[in-house]
Number of protein chains: 2
Amino acid sequence: MASSGTGPRRVTIDDVAEAAGVSRQTVSRALNDKGEIGVSTKQRVLDAALALGYRPSRFARGLVRQDTFSVGLVIPDLLNPFFTEVAAAALDAARGRGWHVVVYDTGDRVEEERGTLEVIASQVDAVVGYLSLPEDEIARLTRGLPVVLIDRKHRSERFSSILIDGEAGVHAAIRHLTAAGHRHIGMLDHAERSEPSVRHEWFDAAMSACGLDSGSVARADQSVEGGERALQELLARHPDLTAVFTFNDIIAIGALRAARRLGRQVPRDLALIGFDGLRLGTLVEPQLTTVALDTRSLGALAVEQAARLLTGTGPLHSDQLTVGAELRVRESA
Amino acid sequence: MASSGTGPRRVTIDDVAEAAGVSRQTVSRALNDKGEIGVSTKQRVLDAALALGYRPSRFARGLVRQDTFSVGLVIPDLLNPFFTEVAAAALDAARGRGWHVVVYDTGDRVEEERGTLEVIASQVDAVVGYLSLPEDEIARLTRGLPVVLIDRKHRSERFSSILIDGEAGVHAAIRHLTAAGHRHIGMLDHAERSEPSVRHEWFDAAMSACGLDSGSVARADQSVEGGERALQELLARHPDLTAVFTFNDIIAIGALRAARRLGRQVPRDLALIGFDGLRLGTLVEPQLTTVALDTRSLGALAVEQAARLLTGTGPLHSDQLTVGAELRVRESA
DNA sequence: AGCGGTAACGTGAGCGCTCACGGGAGCGGT
DNA sequence: ACCGCTCCCGTGAGCGCTCACGTTACCGCT
């Protein structure tokens, strides 16, 4: 059955038309059930298409009816449960719109992120995700494509962002700790950038609002192992700490393991509060108390905003582009 | 700055050509650095393109140079860590090929799977993933698209599969348990289909190979909660069980929680062995002993096979399409 | 002066499809 | 017998780009 000619040429709409003894247009009508076609003719065309194994070219179709969109979702590491949740939410939101999501995992490597953005410009209609490159470089690589940054504020007009407001949540967390009698509270910040994180600022603000000295801080890689090492280091420097707030749940889970290894029982000897509200936090023992943010909204809003930027429907207002976070008390504090 | 004309017409290559005072072809040469162009001209074109915000149409480009491919990855639930790992592996493999992966999460709903396949046929060049629809329906919806099924054997020539061979691994698991003195070993199978799973068959075979009676079995939904309920039910019916093998790690983790709640200490009072080898298994306490399969290969092979089917390079042989599984002893058994 | 060669550009054609038309056949109404 | 209508179906044109060619200008060489 394989063609023995000069090469396996694609089956086009004209081939089907010829086989069915009709014109292109009639084939097109049959395939997109557009009406204006007799039932028997339609069936004949459909049979011919099936027999020839015809499949319309998405490029040709996309070229003329400009109505199919796809978003590029760029994330640093899909295996990180936080990004998984964001990605799942984005997929869901896109499905609702009939959009397609092309996912790129940069594996936390800047070089891959660059490569991805380079290729993405000619593959999707908008870019959404966690980007770490400087804005001007993103702008250069994406060439005018709408870009929605997640959890990162933008300077340029070109971009849009979905931001996290965890101030109230972190405040509640610290109040929760002080109410339980904790006075020496530390934090495990992340170690990616040199400057302290925004979450660290919220922590400081909440501490002083509760009348406590600015807590001691260690920096952790964004991994379970990173959390383990960091807690060990923090406790070595400040053995008097009775509670620790962490940059995110992954780090908190690492801290949980480290605490166990150090013989500190959680929450009796050491209270632990994470950030993110991952489902994973309910699977560990004890279950993680955390400042939970609405990851679903995070992903959904990002896609929504991308859609609005693209279709020209007025973009969301800045206050709609923020997702809140609330304390979710479980077992670790 | 917004155009006030009849509508926001797309900026085409001809617009850039006109602005730079050259021809289309020269613009094309500049953008794809093809050579045969003077440096000053090239710069002028690039400047014009930037100024106009020009971005080549992926459809037009794809139509003529037929060299960009994309795979559709269909999974039931991205939030299930197993599928996350498979997806991550697939993304990685695709990146190596320069392929694009369009991800669809059907949320475990057959109706969504149908809808996805319907739309996918005109959006990607090949489909890989976990599909639950009957083969003839998949064939009808995908219209001749290469399809690679993961962990599901195929009948039709149209399809290809990546299979899991866990026989040796499960055998090793049961031997491990018997060596530790266990005689009453149960299993938590999944509850999706009516017939017993292949893993169940491996379990039975391993049991009889070790000279044990076929173990008692309960069925569990593929979730932590499902595992909890199922273990509780299983132990209620068979209190004498000292070890349990589960369909997968998620169920095992549920079993872990149930065991704790029931006052059975793992592994002292109850040994637990899961299946899949999820990273998640190292985060729980005690760390999960499991029959680990190479999820990376699973996803990678699926993409590899899809690529071969598409490019005509001989498809992989059936023995290359199988990934093995090996016992990974951690703490729960 | 003549000739081949190369670098730098431009010109048709065509990828595979859909859209806006145009037109013939058939049928009922006056 | 004519008009008008609906139902089918076909024909050009064009979406935005790249490929395979032409074409021109300019260089060095005999």
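The structure displayed is predicted, hence computed values, not measured ones. Order of the sequence lines sets the chain letters (A, B, ...), proteins ahead of strands, with each chain counted from 1.
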- prompt: Do you know which two heavy atoms are closest between A:L78 and A:T84, and how far apart they sit?
  reply: O-OG1, 2.5 Å
- request: Could you list where the contact with chain B starts and ends along DNA chain C, reading 5' to 3', using a 4.0 Å heavy-atom cut-off?
  value: C:dA8 to C:dG16
message: Using every non-hydrogen atom in the two residues, find where A:W99 and A:V71 come nearest and quote the distance to one decimal.
response: CE3-CG2, 3.4 Å
- prompt: If you look at every heavy atom in A:R10 and A:R55, which pair is closest and at what distance?
  reply: NH1-O, 2.9 Å
- request: Strictly below 4.0 Å, heavy-atom distances to any atom of DNA chain C: list the hits from residues 29-44 of chain B, or just say none.
  value: B:R29, B:E36, B:I37, B:G38, B:T41
Expected list for residues 136-147 of chain A: side-chain donor-acceptor pairs under 3.5 angstrom, two or more places apart:
unit_1 : atom_1 : unit_2 : atom_2 : d
A:E137 : OE1    : A:R114 : NH1    : 3.2
A:E137 : OE2    : A:R114 : NH1    : 2.2
A:T142 : OG1    : A:I138 : O      : 2.8
A:T142 : OG1    : A:R158 : NH2    : 3.0

message: For A:R24 and A:T12, which I'm curious about, is there any donor-acceptor pair between the side chains at under 3.5 Å?
response: no
- prompt: Is B:R58 paired with A:D125 through a side-chain N to carboxylate O contact shorter than 4.0 Å?
  reply: yes
query: Side chains of B:I162 and B:L149: closer than 4.5 Å at any heavy-atom pair?
result: no
query: For the side chain of B:Q123 and the backbone of A:H100, is there at least one donor-acceptor N/O pair under 3.5 Å apart?
result: no
message: Using a strict heavy-atom distance below 4.0 Å, which residues from residues 17-28 of chain A are in contact with DNA chain C?
response: A:R24, A:Q25, A:S28
All N/O donor-acceptor pairs, side-chain side in residues 26-36 of chain B, below 3.5 Å, sequence neighbours left out:
unit_1 : atom_1 : unit_2 : atom_2 : d
B:T26  : OG1    : B:S23  : OG     : 3.3
B:N32  : OD1    : B:R61  : NH2    : 3.4
B:N32  : ND2    : B:S28  : O      : 3.3

query: Are B:I150 and B:F83 side-chain neighbours, meaning at least one heavy-atom pair lies under 4.5 Å?
result: no
task: Kindly determine whether B:D92 and B:R296 satisfy salt bridge (Lys or Arg N to Asp or Glu O under 4.0 Å), including the steps that lead there.
output: CA-CA 9 Å; B:D92 204 42; B:R296 291 211 70 72; 3.0 Å; yes
- line: Heavy-atom closest pair (B:A87 atom, B:I75 atom, distance to 0.1 Å) is CB-CD1, 4.4 Å
Terminal helix-axis angle for the helix from C:dA1-D:dT30 to C:dT30-D:dA1, with five pairs defining each axis and rounding to 10 degrees: 50°
